[in-house]
Amino acid sequence: MLKEYRTIKEVVGPLMLVEGVEGVKYDELVEIEQADGERRNGKVLEINGDKALVQLFEGSSGLQISTAKARFLGKSIELGVSEDMLGRVFDGMGRPRDNGAPVIPEKRININGQPINPVARNYPDEFIQTGISAIDGLNTLVRGQKLPVFSASGLPHAELAAQIARQAKVLNSDSKFAVVFAAVGITFEEADYFISDFRKTGAIDRTVLFMNLANDPAIERIATPRMALTAAEYLAFEKDMHVLVIITDITNYCEALREVSAARKEVPGRRGYPGYLYTDLAQIYERAGRIRGKKGSITQIPILTMPEDDKTHPIPDLTGYITEGQIILSRELYKKGIMPPIDVLPSLSRLKDKGIGANKTRKDHADTMNQLFSAYARGKEAKELSAILGEAALTEVDRKFAKFAEEFELQYVSQGFTKNRSIEETLNLGWDLLKLLPRNELKRIRDAYLEEFYDD
């Protein structure tokens, strides 16, 4: 029999203090029942002697603490998982949001997960094709990697996220591919866009969606990514699927952490965020990867909007430390009408070398990638120089590089949000653009490849 306590002493924001408790554990679920039968849920954040600090999921407005009673349930938050989750839409706490029947769970799993033993990890080395040239050709995504997208307010990261979810697949593999999509603190319009896009294109059949809207309790945002990753771990490591987890927007998640930290009167760290922000983000990001002896894998694309377009803000800064690179969206390219506005030069995939080459993409991939980077950087420099000194100040070769940079943005980077390019198409397009340059300027490509692809 669960013991009930009528000793709720104080409520501050989303936090509630219960006194005189016995045998209560950290992270334990709590049920609060009011005199009229209304029930709310929470979890234990802190225990000090016989006092328990409880975090309420539904907020505290209208709670009558004088007549309410708290019941400690003896377990942490769990998600009921089953393969039937594919094609379904849930809220941030794992309850169906699509008017469908509740999923009959095969098992229930604690959403906080188990840390992956570093020794049991397998190195990411398989190419994932997103169909987006700026990622596949230059900042390649590898199975088991965590590759965040750094965006800014007003940039089309939602469209990019939907495109990746629709198009991503592992080449040369017969394993099943699934997408787990977690939307954290987004507007109703954005949620509607994602759901209708996935339904319209049929991508929803292989997708599990967790939707936490902006008007849902901020506390729910803290659970949403963990719900999504728990579903992903089940599909990957128990059902042998390749799972791509897309989380948008990590900034809203961190704001919710800051809100709870302020309510707890914790000493703030940088910009008011809690000092444990790094540890908390690492607990989410490090749930990606591959495990020895398991066929499945979890690849993660967290999306975050940089406040004030600032790369040194704590959220992108700490994310960059924990993850393996970043895809950066550019406001300048967006203003030029280039979609998706991926700025390839500051973007980086630290594992790209492991996922490309013969038997993975194509033997010439590494050389053409390096040459495209080099030529685009030189072309941008030439364009900047001509803006200051005039085009007459440029040499003939510099003019060709400036022309190359323009065509590279228009043809290679800009492909819209509906075009799905194979890696062959991306590599061939790269060669078409490199043919705008003199052969003797392509110093990063070995002669054998130049003879095969440049001279054909």
Side-chain angles (χ1 to χ4, degrees), residues 126-143 145 147 149 156 159-174 177 179 197 201-203 206 242 244 299 301 327 329 333 336-345 347 349 351-376 379 403-437 439 442 444-446 448-456:
E126 288 174 81
F127 170 70
I128 288 183
Q129 179 176 291
T130 64
I132 300 163
S133 294
I135 297 176
D136 292 350
L138 302 173
N139 293 292
T140 313
L141 178 65
V142 181
R143 186 162 79 88
Q145 183 178 5
L147 184 64
V149 174
E159 288 87 343
L160 181 65
Q163 185 178 16
I164 293 171
R166 272 197 318 271
Q167 298 179 177
K169 62 179 181 178
V170 178
L171 291 187
N172 312 320
S173 172
D174 54 0
F177 194 91
V179 176
D197 183 86
T201 57
R206 62 168 191 172
H242 299 321
L244 175 65
T299 307
I301 300 185
I327 302 293
L329 301 191
L333 291 177
K336 285 186 191 174
I338 287 165
M339 301 292 164
I342 295 173
D343 195 348
V344 297
L345 292 179
S347 296
S349 169
L351 299 180
K352 64 186 172 193
D353 298 340
K354 306 293 181 286
I356 62 175
N359 303 322
K360 289 180 182 174
T361 53
R362 205 167 75 184
K363 60 185 178 181
D364 58 310
H365 191 155
D367 286 20
T368 52
M369 174 178 71
N370 293 333
Q371 187 63 66
L372 286 167
F373 271 126
S374 169
Y376 181 49
K403 173 71 175 162
F404 167 85
E406 243 168 72
E407 291 301 317
F408 176 80
E409 286 177 359
L410 290 171
Q411 293 185 44
Y412 195 95
V413 179
S414 187
Q415 65 178 75
F417 293 112
T418 53
K419 190 161 182 59
N420 185 359
R421 285 185 188 149
S422 70
I423 187 61
E424 286 281 331
E425 288 177 87
T426 291
L427 292 171
N428 291 340
L429 178 58
W431 277 108
D432 289 345
L433 290 166
L434 289 173
K435 287 174 184 176
L436 298 173
L437 301 171
R439 190 183 197 277
L442 306 181
R444 293 171 183 264
I445 301 178
R446 59 198 82 183
Y449 296 158
L450 286 171
E451 285 165 21
E452 186 177 343
F453 296 100
Y454 186 91
D455 298 336
D456 62 350

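Side-chain contact, S414 with E409: no donor N or O sits under 3.5 Å from an acceptor N or O. Looking at R166 and T201, their side chains never bring a donor and an acceptor atom within 3.5 Å of each other. Between the side chains of Y412 and E407, no donor-acceptor pair of N or O atoms lies under 3.5 Å. Using modelled atom types and a 3.5 Å distance limit, the side chains of S347 and N139 yield no donor-acceptor pair. Between the side chains of T426 and R421, no donor N or O sits under 3.5 Å from an acceptor N or O.
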Exercise for the section: Could you walk me through whether L434 and F453 pass side-chain contact (heavy atoms from CB on, under 4.5 Å), step by step? Expected result: CA-CA 10 Å; L434 289 173; F453 296 100; over 6 Å; no
Exercise for the section: Go through the steps to decide whether R439 and D455 satisfy the test side-chain contact (heavy atoms from CB on, under 4.5 Å), and finish with yes or no. Expected result: CA-CA 9 Å; R439 190 183 197 277; D455 298 336; 3.0 Å; yes
Exercise for the section: Go through the steps for F408 and V344 under the test side-chain contact (heavy atoms from CB on, under 4.5 Å), then give the verdict. Expected result: CA-CA 11 Å; F408 176 80; V344 297; 3.9 Å; yes
Handout entry: CA sep, side-chain torsions, deciding dist, call: I135, T140, side-chain contact (heavy atoms from CB on, under 4.5 Å)
Key = CA-CA 5 Å; I135 297 176; T140 313; over 6 Å; no
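A salt bridge is absent between E126 and K360; no separation between the charged side-chain nitrogens and carboxylate oxygens falls under 4.0 Å. Salt bridge annotation for R446-D367: present, with a cationic side-chain nitrogen under 4.0 angstrom from a carboxylate oxygen.
Other residues, nucleotides and ligands contribute over 12 non-hydrogen atoms within 6.0 Å of the CZ atom of R362. Heavy atoms of other residues, nucleotides or ligands lying less than 6.0 angstrom from NZ of K403 number 12 at most.
For the atom pair Y454 OH and K435 NZ, the distance stands at 8.5 Å (nearest 0.5 Å). Rounded to the nearest 0.5 angstrom, L410 CG and K336 NZ are separated by 8.0 Å. The CG atom of L372 sits 7.0 Å away from atom CD1 of I445, with the distance rounded to the nearest 0.5 Å. Atom CD1 of I164 is separated from atom CD1 of I132 by 4.5 Å, given to the nearest 0.5 angstrom. From T361, atom OG1 reaches atom CE of M369 across 9.0 Å, with rounding to the nearest 0.5 Å. Rounding to the nearest 0.5 Å places CD1 of I338 at 12.5 Å from CG of L329.
Under a 3.5 Å cut-off, the side chain of Q145 and the backbone N or O of V142 do form a donor-acceptor pair. E159 contributes no side-chain N or O that, together with a main-chain N or O of G416, makes up a donor-acceptor pair within less than 3.5 Å. Under a 3.5 Å cut-off, the side chain of H365 and the backbone N or O of G137 do form a donor-acceptor pair.
The two residues L244 and A168 come nearest to each other via the heavy atoms CD2-CB, 3.7 Å. Pairing each heavy atom of A375 with each of L437, the nearest pair is CB-CD1, 3.7 Å. Scanning all heavy atoms of the two residues, the minimum distance from T130 to Q167 falls at O-NE2, 2.8 Å.
Partners of K169 under the side chain to side chain contact (heavy atoms under 4.5 Å, CB included) rule, at least two apart in sequence or in another chain, are Q129, L171.
Partner of Q371 under the side-chain contact (heavy atoms from CB on, under 4.5 Å) criterion, out of L442, L433, L450: L442 alone.
Looking at heavy atoms from C-beta onward, P341 lies in side-chain contact with P156 at the 4.5 angstrom threshold.
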